[in-house]
2 protein chains.
Amino acid sequence: MDVGRIIDTALKLIDEVGIQALTLRMLADALDSGTATLYRHFNGKDELLALVADRILGEVGIPPEELDSLSWREAVAAAAETFYDTLRRHPHAVPLLAAQVPVGPNGLRARERLITLLLSHGFSVGLAARTFTAIGHYVIGFAIQQHGPGTPRPEDQVQLRDYYHSLDPATYPATTAAADELTSVPLHEEFRFGLDLLVDGLEQARRKDS
Amino acid sequence: MDVGRIIDTALKLIDEVGIQALTLRMLADALDSGTATLYRHFNGKDELLALVADRILGEVGIPPEELDSLSWREAVAAAAETFYDTLRRHPHAVPLLAAQVPVGPNGLRARERLITLLLSHGFSVGLAARTFTAIGHYVIGFAIQQHGPGTPRPEDQVQLRDYYHSLDPATYPATTAAADELTSVPLHEEFRFGLDLLVDGLEQARRKDS
DNA sequence: ACCTGAACACCGTTCAAGT
DNA sequence: ACCTGAACACCGTTCAAGT
């Protein structure tokens with residue numbers, strides 16, 4: 001019984017039932033073991049979840065060669081998209097990455113990779129650090145809201161649109177007018193919209209910086 | 001025993017001990033009542049938490065006159081800052097706002113207010129809707145990561161900096177070089193940096209839109 | 001030396017019994 | 001009609017007892 005298998009199983013179960021519903025008994029059963037045995041490999045549920053978080057970051061896997069042939073704009077966008085795609089594969093697990101600054105081995109590797117990239121494109125150390133934080137926060141923050149515990153499934157989107165339309169137009173003229181636009185934009189497009197805003201803003205910040 | 005007093009007490013307890021540690025027994029005790037009695041006012045803990053979320057949105061309170069005399073850039077930034085300040089007053093409660101799209105009365109009022117503002121400054125309905133979503137997601141996403149359950153208290157920032165410095169510079173040249181910048185920027189400044197990127201990006205999006 | 005069944009002190013939720 | 005003590009089926013965690 002190695003730690004890797006425990007973490008893989010834990011992530012699989014979280015993908016199926018969510019963090020709240022994941023039980024140490026459930027995990028122990030899936031591993032044909034008992035809850036007490038699990039405590040021999042980590043100190044409690046919180047530590048287990050931190051290991052799962054780094055396990056997810058290890059899945060991101062940015063292809064290094066590809067990234068280096070791109071402009072900084074394209075590279076930043078590609079890194080953010082790749083990260084976002086990984087988070088979308090594990091919607092129930094996203095809150096784990098917001099719980100703390102990831103300092104596991106895979107988190108370190110990803111941070112090093114992106115900051116190196118920014119520095120190689122002429123970003124100052126200060127601007128690179130703030131850019132990394134801003135982009136990272138944006139991706140995780142977006143994913144947690146669009147794909148977290150209260151996931152807006154397609155039928156909920158329709159429900160929400162109908163709810164907005166059912167409001168009194170006299171009291172809520174703007175909301176009812178924008179009801180379709182507020183609920184019809186595909187999540188990925190919404191993500192890309194904000195990401196492009198950030199990159200466009202960075203373009204200006206970079207000019208001021210140098 | 002009215003619902004308002006229950007919600008106020010629940011929020012006060014969440015501010016003190018967090019969502020996870022809030023117990024219905026604890027809440028019942030604080031109200032000199034029993035857990036079973038609480039169920040006469042809402043159906044379970046989740047519904048209680050949704051009511052607390054809208055209670056927080058009610059606290060935001062954007063002064064209408066002030067906002068209307070500003071440029072759209074200043075108004076968007078001011079609204080985001082005001083929202084952010086409210087979330088900072090209730091760090092433990094922020095995850096509640098990420099759990100679902102807020103459709104309580106106070107959430108509706110805030111959305112209506114901001115979309116109206118964008119429309120009055122010439123934004124198209126489509127751009128206004130996406131801007132609202134992008135800004136809202138940014139503020140909540142940032143707050144949840146900087147002030148959520150794994151709050152980076154000042155001493156943790158120092159610890160994190162020392163940790164980055166302790167890494168092997170050969171393996172992590174960029175991270176060790178940026179260690180100070182990654183950990184020394186005040187949270188509010190970091191928030192403002194990303195917000196300004198978004199607003200600068202919006203400036204361009206608005207030009208393309210019209 | 002390593003593992004684990006069984007227990008501990010909790011939790012959210014329910015309902016029969018009280019007023 | 002309204003309220004609630006006490007119970008239910010859980011949970012994360014611990015440790016004495018087994019192999």
Side-chain angles (χ1 to χ4, degrees), chain A residues 1-56 92-100 104 148-151, chain B residues 1-56 92-100 104 148-151:
Chain A
M1 162 96 63
D2 69 323
V3 185
R5 197 166 73 91
I6 298 176
I7 306 303
D8 286 351
T9 308
L11 177 55
K12 196 183 305 173
L13 288 172
I14 287 173
D15 285 340
E16 288 169 14
V17 304
I19 299 169
Q20 291 293 340
L22 170 72
T23 280
L24 292 187
R25 271 162 244 264
M26 187 189 300
L27 178 58
D29 280 354
L31 294 162
D32 282 321
S33 180
T35 56
T37 308
L38 296 175
Y39 279 78
R40 297 189 52 75
H41 299 93
F42 45 80
N43 301 315
K45 196 180 181 180
D46 285 351
E47 191 175 311
L48 166 72
L49 295 178
L51 292 169
V52 172
D54 195 66
R55 160 75 177 70
I56 292 172
H92 284 128
V94 179
L96 296 181
L97 294 173
Q100 67 237 339
T151 315
Chain B
M1 163 96 64
D2 68 323
V3 184
R5 196 165 74 92
I6 299 177
I7 306 302
D8 286 351
T9 308
L11 178 55
K12 195 183 305 173
L13 288 172
I14 287 173
D15 285 340
E16 287 169 16
V17 302
I19 299 169
Q20 291 293 340
L22 171 71
T23 280
L24 292 186
R25 272 164 243 263
M26 188 190 298
L27 177 58
D29 280 355
L31 293 162
D32 283 319
S33 180
T35 56
T37 308
L38 296 175
Y39 280 77
R40 298 191 53 74
H41 299 93
F42 45 79
N43 301 315
K45 196 179 181 181
D46 285 350
E47 191 174 312
L48 167 71
L49 295 178
L51 293 170
V52 172
D54 195 66
R55 160 75 176 71
I56 292 172
H92 284 129
V94 179
L96 296 180
L97 294 173
Q100 67 237 337
T151 315

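Values below: all heavy atoms of this structure, side chains included; hydrogens, waters and symmetry mates excluded. Letters A, B, ... mirror the listed sequences (proteins, then strands); counts begin at 1.
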Under 4.5 Å between any side-chain heavy atoms of B:Leu48 and B:Leu38, yes or no? no
Among the candidates D:dG5, D:dG12, C:dG5, find the nucleotide nearest to the side-chain atoms of A:Ala36. C:dG5
NA contact type, B:Leu22, heavy-atom cut-off 4.0 Å: base, sugar-phosphate, or nothing? sugar-phosphate
Can you see if the side chain of A:Thr35 gets near the phosphate of C:dT4 - specifically, an N or O under 4.0 Å from OP1 or OP2? no
Check the phosphate of C:dC11 against B:Thr23, side-chain N and O only, distance under 4.0 Å to OP1 or OP2. Yes or no? yes
Can you check the A:His41 NE2 to C:dC3 C1' distance for me, whole Å? 10 Å
Could you state the atom-to-atom distance from CZ of B:Phe42 to P of C:dT13 in whole Å? 9 Å
Using whole Å, what does the distance between atom C1' of nucleotide C:dC10 and atom CD of B:Gln20 come to? 14 Å
Write down the distance between CE (B:Met26) and C1' (C:dG12), rounded to a whole number of angstrom. 13 Å
Taking A:Ile7 as the fixed residue, which of A:Leu51, A:Asp2, A:Leu49 is the one that meets the side-chain contact (heavy atoms from CB on, under 4.5 Å) rule? A:Leu51
Whole-Å gap separating P (C:dT13) and NZ (B:Lys45): 8 Å
Rounded to whole Å, CD1 of B:Ile6 lies from C1' of D:dC3 at a distance of 13 Å
Here the pair of heavy atoms bringing B:Ala30 nearest to B:Leu13 is CB-CD1, 4.2 Å
Respond yes when some side-chain nitrogen or oxygen of A:Arg40 is under 4.0 Å from OP1 or OP2 of C:dC3, and no when none is. yes
Rounded to whole Å, how long is the line connecting atom CG of A:Leu24 with atom P of C:dA9? 20 Å
With respect to the phosphate group of D:dC11, does any side-chain polar atom (N or O) of A:Arg25 fall under 4.0 Å of OP1 or OP2? yes
Of all heavy-atom pairs linking B:Leu22 and B:Lys45, the shortest is O-NZ, 2.9 Å
Watson-Crick/G-U partner (both atom distances under 3.5 Å) of C:dC15: D:dG5
Just call it for B:Leu38: base, sugar-phosphate, or nothing, with non-hydrogen atoms closer than 4.0 Å on any strand. nothing
Counting just side-chain N and O atoms, does B:Thr37 come under 4.0 Å of either OP1 or OP2 of D:dC3? no
Nearest-Å distance, OH (B:Tyr39) to P (C:dT14)? 6 Å
Watson-Crick/G-U partner (both atom distances under 3.5 Å) of D:dC10: none
Heavy-atom distance under 4.5 Å between the side chains of A:Val17 and A:Met26, does that happen here? yes
